[in-house]
Amino acid sequence: MDNPGKFYITTPIYYVNARPHIGHTYTTVVCDAIARRQRMMGVDTFFLTGTDEHGQKIERSAAAAGCSPKEFADKVSGEFRTLWDRMKITYDDFIRTTEPRHMRGVQALFTRLQERGYIYKGSYSGQYCVSDELYVDAVGPGAPCPECGRPTETVHEENYFFKLSAMQEPLLKYYAEHADFIRPETRRNEVIAFVRGGLRDLSVSRTSFTWGIPVPGDPRHVIYVWLDALANYMTALGYGSDDPRDQEKLARYWPADVHMIGKEIVRFHCVYWPAFLIAAGLPLPRSIIAHGWLLFEESKMSKSRGNIVRSETILDTLGQDALRYFLLREIVFGQDGSFSFDALVQRFNGDLANGLGNLSSRTLSMITRYFDGEVPYPSKAASLNAGFIDHETALKSQAEKAIQQFNEKFDKFDFSGALKDLWFFIAAVDGYIAETHPWSLAEEKSPDSRAQLGTILYTAAEALRIITVLAYPMIPDATAKIWRQLGLGEIERFDLPSLTWGQLQIGTELGKVEPVFPRADKSMIERMQQMEQQRSEPTPSPEEGGKGGAPDVKKTESQPAGTGAEAGQPATEAVAGSQGSGAPVIASTGTSGTSPSTDKIAIDDFLKVEMRVGEIKVAEKVKGADKLLRMEVDIGSEVRQVVAGIAKAYDPEKLIGRKVVIVANLQPRKLRGLESNGMIVAASLDDGLPVLAGFLEDVPVGAKLK
Ligand code: MSP
């Protein structure tokens, strides 16, 4: 280490185009647990998180929400910060890429790369994935992004280029000499293979939009969002500032010890970021650690899939420790893991309420009841007499093993394994209490039985102390409460390296004993699901006092595709192939042409209509019906046959691969003997052909419209 005794850890800075969900919380909680533990080890720790606010994606999201990108970013960035505060995340700094300190630093880095000859002007003509903000080596408009599968957009622009091609050898050399730079091993191998495959120069500026940091001296260009974003790890420490305090901070903490990221952004962190740093002559981070994804309903939790769970739902019900514990215990670090409300409640009741909570309250209540709330004296003689000595010796050595194993596993980022072992130890302490049944000794009232009772309760309390302090970085709130109930003050100040059996002082006065994890009943699952549903419903604007799923941005005039010109109207059925009904939708299955009603409907009525994004896989003319097409449409969960009256407007071959809006919960109908299972949404023009509804931005198949 260049700066021994310091530890600098970062989360990715999160995009502000979507509100935080438990996927973001996962990375942040992992970093928080590591940072808290480092501080307890006496290490000078700096923990950074923040928000990534520039780029085309954010600019478009803001436009769709009818507000300026800055207003949009302020709102969502604030939500991230509020959430981290509620989650008791102990970040030392929160960087926003729209802050002057960051913008100045990015420009300084760009200038430095230019001065060192790594940036030149050229022009880019090719594909770009706006969702990943990634230049893609793909051919042709709409070619899928190799990372996310969404169609790419074609970009023809004058750009500044970074000489990434010159970095192939230096990067490979660096990876070879720093085996721990990229972890886990699988990611390291992928990165090495990617770099070995050859690197092309990278466009690092854009001219077709303005929401970004201007290129110094050429403000028609904005700096590529990933160069902008990655630099946050240094600008937050003061890179680009002349202030001696910033320079000192940068010298103290840079290079970072850990950049914690999700596996989908490995290339940016393990190829681009070190390449920029090598070119700039700056030290490289020590390690980049990529974890797996949190899945919900079997796919990666993400806004665009519409399968997210918000942390607030769990915070409002079971509390932040429940979520932290679940994420760290349930997901094997490095692998993908699933979230479900059932599993959350099961873990909460099984491990927290019945496990740690129960051990804590029974041990501390007995000390309160039988020893006036003072930690009793452990008498070896008494336990010899009672024949408990073997139990106690065994428990002590189990405690020592638990400390050692926990430390080893935590340091290898095996949080789940560390907690599993620790909970084995909780079970062992429970077993010890069950076997020695202190409550019956309490009834005997003889000096011997009292000494034995004291010994058992001391032993249990000491075991509880060790469990509590080890679990603190992962579940800080509950453990801090147990610590105070143990009469030990502020847990975060505990010196972890000194932890050994027997430090609990006899005569320590306990605090007020209260339950830390009240059991959750079955209705909790339903309650959380309902809360989630409400959160994801379309919400009124903040002016109307709304609170819910979509970022609270200004009311927008652009309605989701499919709601038609008459805002608030559900998709209306029309006769297959009929035109000129004035209905906003062309029916594939319907028989009754209807005009859009002018009556208002309640949101609940609208929500009955399930609209999904579908992709046309097969399209062909229906024999004997010149207006009808038979299609097979993938709607994520299944492929549906849909028959629609759009044959006059669309060539079947041209529809293959096209994303459309499907009303998915209509009863099937038969058209020309073919079952049609769903309806395609389209504009139906009075004097023209139907026009299929679609999206300007890419959306994944199966996404719900609401
Ligand atoms: N802004 C970029 C990162 C720039 S860092 C210089 C970005 N932002 S993001 O909002 O998309 O956040 C991605 C990160 O959030 C992931 O790498 C991961 O840390 C976390 N996660 C978001 N969804 C997640 C899951 N479903 N599962 C696990 N982690 C998730 O990419």
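Numbers for residues simply follow the sequence, beginning at 1. Order of appearance sets the numbers: ligands from 1, and atoms from 1 within every ligand.
- Between D316 and R310 there is no salt bridge, since no side-chain N of the basic residue sits under 4.0 Å from a carboxylate O of the acidic one.
- When only interatomic distances are considered, the shortest N/O to N/O separation between G262 and ligand 1 falls below 3.5 Å.
- Listed by chain and residue number, nothing satisfies the salt bridge (Lys or Arg N to Asp or Glu O under 4.0 Å) test with E264 (two or more places apart in sequence, or in another chain).
- Between the T317 side chain and the I314 main chain, a donor and an acceptor come within less than 3.5 Å of each other.
- Assignment of E133 to the shell around ligand 1 is not supported, since no heavy atom sits closer than 4.0 Å.
- In summary, of the residues considered (D634, L705, I635), a side-chain contact (heavy atoms from CB on, under 4.5 Å) with V613 occurs for L705 alone.
- In terms of N/O distances under 3.5 Å, ligand 1 is approached by L294.
- Among protein heavy atoms, atom 22 (C) of ligand 1 sits closest to H24 CD2, 3.7 Å.
- For the residues Y272, Y14, Y15, F296, the heavy atom positioned nearest atom 11 (O) of ligand 1 is part of Y15.
- Formation of a donor-acceptor pair under 3.5 Å by the Y124 side chain with backbone atoms of Q127 is found in this model.
- For L230, no nitrogen or oxygen atom sits less than 3.5 Å from a nitrogen or oxygen atom of ligand 1, counting backbone and side chain alike.
- The salt bridge (Lys or Arg N to Asp or Glu O under 4.0 Å) check on K263 picks up D336, with sequence neighbours excluded.
- Not a single heavy atom of M260 sits closer than 4.0 Å to an atom of ligand 1.
- Closest to atom 23 (N) of ligand 1, if we only count protein heavy atoms, is H21 CE1, 3.4 Å.
- Contact annotation: for K263 versus ligand 1, there are no heavy atoms closer than 4.0 Å.
- Closest heavy-atom approach to atom 24 (C) of ligand 1 within the set G23, G55, G292, A290: this belongs to G23.
- The aromatic rings of F410 and F415 lie perpendicular to each other, with more than 60° between the two planes, well past the 30° mark.
- For atom 3 (C) of ligand 1, the nearest protein heavy atom (residue, atom name, distance) is I13 O, 3.2 Å.
- Between D257 and K6, at least one side-chain N (NZ, or NE/NH1/NH2) sits under 4.0 Å from a carboxylate O, which counts as a salt bridge.
- For D52, a nitrogen or oxygen atom sits less than 3.5 Å from a nitrogen or oxygen atom of ligand 1, counting backbone and side chain alike.
- Relative to atom 6 (C) of ligand 1, the option among W273, F339, F268, Y233 with the closest non-hydrogen atom is Y233.
- Side-chain atoms of T45 come within 3.5 Å of backbone N or O of V43 as a donor-acceptor pair.
- The protein heavy-atom contact nearest to atom 14 (C) of ligand 1 is E264 OE2, 3.8 Å.
- At least one donor-acceptor pair closer than 3.5 Å links the side chain of T25 to the backbone N or O of H21.
- The nearest protein atom to atom 18 (C) of ligand 1, hydrogens excluded, is given as T27 OG1, 3.3 Å; this is a heavy-atom distance.
- Using a 4.0 Å cut-off to heavy atoms of A229, the atoms of ligand 1 that qualify are 6 (C).
- Counting only distance, with no hydrogens or angles, the side chain of T27 and the backbone of T11 share no donor-acceptor pair below 3.5 Å.
- Between W226 and ligand 1, no N or O atom pair is found at a separation short of 3.5 Å.
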